[in-house]
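Contents: one structure, followed by commentary.
Note that the numbering runs from 1 along the sequence shown for the chain.
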Amino acid sequence: MKTANALALVLVLLYINGSTEWPTHTVCKEDNLEIYYKSCDPRQDFAFSIDHCPDVATHNFNIRAAMVLKRSIKELRVKVDLIINGKTVLSYSETLCEPGHSKLIFCGKKKGEHLYYEGPVTLGIQEIPQGDYTISAKLTNEDHAIIACADFTVKNYLDY
């Protein structure tokens, strides 16, 4: 009976709280560089980390990302927007997986499989802009269903 009462209390508290958002995760908070992310997919969160945050400034750094796929990947598209003061100032999109031509090792993974990437990332920019801004990233499959979606907050006050 105590278990049933405890379960009822938890359900009531969840209902009252009404929060359906994922928590904001800290990627790094060192010196004058802070990076946070929050999943914008209401049904799934994921794990993301950077090995050494100051390496982001060198434009070559190692990341880790992991999740369980809720949909299969035959085709995969990425769309990234740079948002400053609520306005999109830069937009980039690319097809990463398509039949017969895949750029990533996890192309072709099935629903329920683990997706894990560990390795280097190179930014295609000369310097990281100073200030506070948001990077919105969305991965979608061939059915336009969200595979992963996140809003990254970057606070950069370093001079390079």
- request: Carefully, step by step, assess T95 and L76 under the rule side chain to side chain contact (heavy atoms under 4.5 Å, CB included).
  value: CA-CA 6 Å; T95 299; L76 185 66; over 6 Å; no

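- At a threshold of 4.5 Å between side-chain heavy atoms, the hydrophobic network of Ile, Leu, Val, Met, Phe, Trp and Tyr places L115 and F46 in one connected group.
- For K74, the NZ atom is loosely surrounded, since the number of other residues' heavy atoms within 6.0 Å does not exceed 12.
- The same ILVMFWY cluster, assembled from side-chain heavy atoms under 4.5 Å apart, contains both L90 and V78.
- Under the 4.5 Å side-chain heavy-atom criterion for grouping Ile, Leu, Val, Met, Phe, Trp and Tyr, F48 is not connected to Y36 through any hydrophobic cluster.
- Once rounded to the nearest 0.5 Å, the distance linking OG of S39 with NE2 of H25 reads 7.5 Å.
- Listed by first and then second residue, the salt bridge (Lys or Arg N to Asp or Glu O under 4.0 Å) pairs involving residues 129-157 amount to none (not counting sequence neighbours).
- When side chains are defined from C-beta on, D51 does not count as touching F61, because their heavy atoms never get closer than 4.5 Å.
- If you take SG on C28 and CG on L33, they are separated by 4.5 Å, rounding to the nearest 0.5 Å.
- S136 is not listed as a side-chain neighbour of V80, based on a closest heavy-atom distance of 4.5 Å or more.
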message: Please evaluate residues I147 and D41 with respect to the criterion side chain to side chain contact (heavy atoms under 4.5 Å, CB included), reporting the C-alpha separation (whole Å), side-chain torsions for both, the decisive distance (0.1 Å), and the verdict.
response: CA-CA 9 Å; I147 299 298; D41 182 348; over 6 Å; no

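- Here the OG1 atom belonging to T134 is positioned 15.0 Å from the NZ atom belonging to K87, to the nearest 0.5 angstrom.
- No hydrogens or angles considered: a donor-acceptor pair under 3.5 Å links the side chains of S91 and D81.
- Summarising the geometry, atom CD1 belonging to I63 is positioned 6.0 Å from atom OH belonging to Y117; distances are rounded to the nearest 0.5 Å.
- Every pair passing salt bridge (Lys or Arg N to Asp or Glu O under 4.0 Å) that includes a residue from residues 110-119 is listed here, sequence neighbours excluded: R64-E118.
- Once rounded to the nearest 0.5 Å, the distance linking NZ of K38 with SG of C149 reads 12.0 Å.
- Between Y133 and L82, some side-chain heavy-atom pair lies under the 4.5 Å cut-off.
- In the hydrophobic clustering of this structure, Y116 does not group with L139; members are Ile, Leu, Val, Met, Phe, Trp, Tyr whose side-chain heavy atoms approach within less than 4.5 Å, directly or through other members.
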Worked check of side chain to side chain contact (heavy atoms under 4.5 Å, CB included) between I135 and V154: CA-CA 8 Å; I135 299 169; V154 178; 4.1 Å; yes

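- Considering SG of C40 and CD1 of I146, their distance stands at 6.5 Å, rounded to 0.5 Å.
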- request: Determine, step by step, whether T153 and T24 satisfy the side chain to side chain contact (heavy atoms under 4.5 Å, CB included) criterion, reporting the C-alpha distance in whole Å, the side-chain angles of both residues, the deciding distance to 0.1 Å, and the verdict.
  value: CA-CA 10 Å; T153 300; T24 299; over 6 Å; no

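- E75 meets the salt bridge (Lys or Arg N to Asp or Glu O under 4.0 Å) test with R77; sequence neighbours excluded.
- Under the 4.5 Å side-chain heavy-atom criterion for grouping Ile, Leu, Val, Met, Phe, Trp and Tyr, I73 is not connected to V68 through any hydrophobic cluster.
- Crowding of K29 atom NZ: a count of heavy atoms from other residues, nucleotides or ligands under 6.0 Å not exceeding 12.
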